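If you're wondering where the values come from, they're calculated on a predicted model, not measured in any experiment.
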Amino acid sequence: VIQRIVCLVRISLRIRDSDNKLRELRIASQATAAGGERSRNQQFAVVLSSANLDNWPEAVEKCFQEKLQLSGKVQKMCFQPDMDSYSYKEQISASETIPGIMTTYRSHNIIVNIRDKKRKELQTIGLPSASDFALGSGRAAEKWTWALVGDSKEEELMVLLQNNGIDASDFPAQSFAELYDEVYERSLSTLDVQNGALMRTIRIIKVWLHAQILNVDHLLLVKAKYQKGQYDALTKDQPISMRMRADQDWTEGVEDALASRLGLSHHFQREFLAMDTASHKITEEVGFSRSYPGLKTLYLVNEVRISVINSEAGACHLIGLPAGTDFTFARREQLMKGPDAEDVIVTHWHWVTEEGYESDRALTLRASTYPQPSISDRNDEAADGMSMVWILSEVDMLKKKVPHPKPMKVIQPKEDGPVALLRALMRGKSTDWKRARNAAARIRDPAYSCKDYFEDITAAFPELCLYCLSNPEDPNDLTTSGRTPDDEYQRTIGALFTVYWIMRLDIDGKELFCYGMDESWKPRNGEHPCWTDPQRDSLEVGKRRAFYQNMNWQAITQLLVDAGLLKSDSSTQHNEERTLGMLVMMAIHDIMKLAPLLPTVAKNNAGDFRGYAPGEKVQDHDVALSYVLAYHPELLPSYKGLPAEQQESVRFSHCKMEYNMG
């Protein structure tokens, strides 16, 4: 059977219009050869040629250049691909253009958001007003329209707001979508007209957890909370709090709050906690939400007292008892759709005496029944469907990280140039090739532990120190990713560990990959006490066990063979040079996420560099690294010292394949 295969990219180019409605660009009609006009109403799509089957982002850029007459430089400034929206689909259907032949459509699907619709460079495509427009002439003439994206409920919400005098265009970015999500998708709030005004109602549960510590009554309160890589000062000394579903019973809300905020199972709650139902009270407060200007919000706060029955019980060590020590709990939360859809919330808890708490008037006011929007309006308190992460003590938290190098201070370089800071920081640094080659050579040696490997790679590659920049003058503006420099260092070491693990799947790699290491760096398995503890989240354990048992490990091994890392004629031999190149790429891949290191295209450069003009700072971290590899490889001694063939492999993987470690 003859079958036609078409590879293409479908692109949804999106904006929010002046009414805060989501729109995407569509081809309204095209000219025909006979001089007529054919209606289309189709999403952007580009068919991939054989030359760019493996590089669809390049085809997207070229499509925008040809169809919308927007240069690569303009695209870099104005467009933001939403990589979290990416999907790949295959569909078989009859072709409209070639009757009788079934066609398999292999499509890459991506949403591209416009950063600033008011830029003058975008006037040619009907912005900022989202007007229809036409491009081309004669047979190449095309008419375009900005079509609405959404459903009838989104339109219903917009009309409801407008009819009650609320202008959604005044909402901060993404707030309309968040309001739609909480009302219609997750049922976390309701909207009703009360006394002639639109009222948003949300319900909150607050749990005051008490325990006797050395015969003194103590309260459990938030000591510090970190979300989206930042410290949230507004939640300090708050009790256990959570947004409730609109139809949820308050007692069920208590159980969910204890489970989601502290990881306490329902069995633990029944065995070791006692609820004082007589203490339950509901308070109301009406205020205006910071997230939705003009929209009144009614906060219904349910408060209740819970007591630990026996602080001396062994299971209570999970919450710092009986000694009343501080502890940390981390949880994953699925936020809204879009970039960074999942966040890890880390909360540090501490026990304080009730007498001391009540005596401090400022703390009393901050933790009173007044329902502060800073608590109730936050996404981290609103999301449901979250998965629990093992509760951690402060010491355990540190055990999950490797020690990082001594931070390198951002300094004022003595000389100017496109890479002046990088040159200053790397001056005098060199690669320890003996240890680098030892890591590459012994990576499959059963006697070569992950600890040995870690010590070799951190001693070998000086570029790893670049992840640990410090800048006392501006400590919050060091990375382009929103993470801390230490986060980027830990992620890089994690990627290097992964190479070690998958290179030895037939030795201990599967166990390391799925179950981790113990305190002595030895691999755990599914029967390790860490994973059989009854307090461990059963969902997480089940996922790990299922992955271990069902993963196609042979496919990973074959991938390494295809990449030239493992030798196909032996299960024990590997290509040391190829492995060395892989380790170097892992070490340097994300260094340009450190914002102070971003280079500037040399003023005497012969033309643009991937859309960046001479004298312009390269803001994209991948393009920035490509620039350094192309023009200043001597500043990255681990890359510079590789054989030419392995340098080419690094450039190909990074620049052409757009490798991303996640």
Side-chain angles (χ1 to χ4, degrees), residues 3-17 21-30 39-68 70 72 74-76 78-98 102-115 117 122 125-127 130 135 142 144-154 173-174 177 180-181 185 334-342 611 620 622-623 656-662:
Q3 191 173 46
R4 176 169 167 257
I5 297 176
V6 177
C7 299
L8 69 157
V9 184
R10 300 188 190 277
I11 312 159
S12 180
L13 184 62
R14 296 186 173 187
I15 61 160
R16 287 269 176 190
D17 64 16
K21 295 179 181 179
L22 188 64
R23 293 180 180 269
E24 71 174 2
L25 187 59
R26 286 177 167 263
I27 302 175
S29 64
Q30 288 178 314
S39 295
R40 295 293 303 276
N41 189 30
Q42 288 186 349
Q43 200 178 57
F44 239 128
V46 56
V47 176
L48 297 175
S49 66
S50 58
N52 55 22
L53 286 177
D54 295 326
N55 194 0
W56 63 264
E58 185 177 294
V60 171
E61 180 178 333
K62 187 176 180 181
C63 175
F64 285 144
Q65 288 177 340
E66 294 177 351
K67 293 286 188 180
L68 302 183
L70 298 176
V74 171
Q75 294 179 47
K76 294 285 186 186
C78 303
F79 293 174
Q80 179 64 56
D82 180 2
M83 297 308 297
D84 287 339
S85 72
Y86 171 81
S87 64
Y88 175 81
K89 297 180 180 178
E90 290 194 10
Q91 182 179 3
I92 300 176
S93 62
S95 171
E96 295 181 4
T97 56
I98 308 178
M102 297 300 292
T103 300
T104 298
Y105 293 95
R106 297 174 177 173
S107 63
H108 304 270
N109 303 275
I110 186 72
I111 293 173
V112 178
N113 296 306
I114 292 181
R115 291 191 179 106
K117 65 185 178 184
L122 302 180
I125 60 172
L127 297 179
L135 293 173
E142 293 178 327
W144 300 81
T145 186
W146 290 96
L148 284 172
V149 177
D151 56 27
S152 59
K153 287 189 177 295
E154 183 171 304
Q174 298 298 317
Y180 175 88
D181 184 67
E185 299 291 338
Q334 190 70 28
L335 305 179
M336 280 191 49
K337 300 174 183 177
D340 300 322
E342 187 177 72
D620 185 289
D622 287 326
V623 177
K656 299 295 184 184
M657 299 297 290
E658 296 199 348
Y659 166 80
N660 194 324
M661 66 178 65

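Checked against the 6.0 Å centroid criterion, the rings of Tyr88 and Trp56 do not qualify as a close aromatic pair.
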One pair to check against side chain to side chain contact (heavy atoms under 4.5 Å, CB included): Trp146 and Asp17. What are the steps and the verdict? CA-CA 9 Å; Trp146 290 96; Asp17 64 16; over 6 Å; no
Using side chain to side chain contact (heavy atoms under 4.5 Å, CB included), reason through Phe79 and Asn113 one step at a time and then give a plain yes or no. CA-CA 6 Å; Phe79 293 174; Asn113 296 306; over 6 Å; no
Criterion side chain to side chain contact (heavy atoms under 4.5 Å, CB included) on Leu48 and His108, from CA distance to verdict: CA-CA 10 Å; Leu48 297 175; His108 304 270; 3.8 Å; yes
Would you sort out whether Leu13 and Gln43 count as a side chain to side chain contact (heavy atoms under 4.5 Å, CB included), showing the intermediate values? CA-CA 9 Å; Leu13 184 62; Gln43 200 178 57; over 6 Å; no
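Here the side chain of Arg26 pairs a donor or acceptor atom with the backbone of Asn41 at under 3.5 angstrom. A side-chain donor-acceptor contact under 3.5 Å links Gln75 to the backbone of Glu61.
Counting only heavy atoms from C-beta outward, the side chains of Leu25 and Ile11 never approach each other to under 4.5 Å. When side chains are defined from C-beta on, Lys76 counts as touching Val623, because their heavy atoms get closer than 4.5 Å. Between Phe44 and Val112, the closest side-chain pair of non-hydrogen atoms is not below 4.5 Å. Side chains of Thr104 and Glu90 form a contact here, defined as non-hydrogen atoms less than 4.5 Å apart. Between Asn109 and Tyr86 there is no side-chain heavy-atom pair separated by less than 4.5 Å.
Between Arg115 and Gln80, the side chains place a donor N or O and an acceptor N or O closer than 3.5 Å (distance only, hydrogens not considered).
Taking both residues in full, the closest heavy atoms of Glu24 and Val149 are given as CG-CG2, 3.5 Å, listed atom of the first, atom of the second, then distance. Among all heavy-atom pairs drawn from Gln65 and Gly72, the shortest one is NE2-N, 3.3 Å.
Among the candidates Ile5, Val6, Leu8, the single residue satisfying the side-chain contact (heavy atoms from CB on, under 4.5 Å) test with Arg106 is Ile5.
Between atom OG of residue Ser29 and atom CH2 of residue Trp144 there is a gap of 10.5 Å, rounded to the nearest 0.5 Å. In this structure, CZ in Arg14 is found 3.5 Å from CD1 in Ile111, a value given to the nearest 0.5 Å. Atom-to-atom distance recorded for Ile114:CD1 and Leu122:CG is 5.5 Å, nearest 0.5 angstrom.
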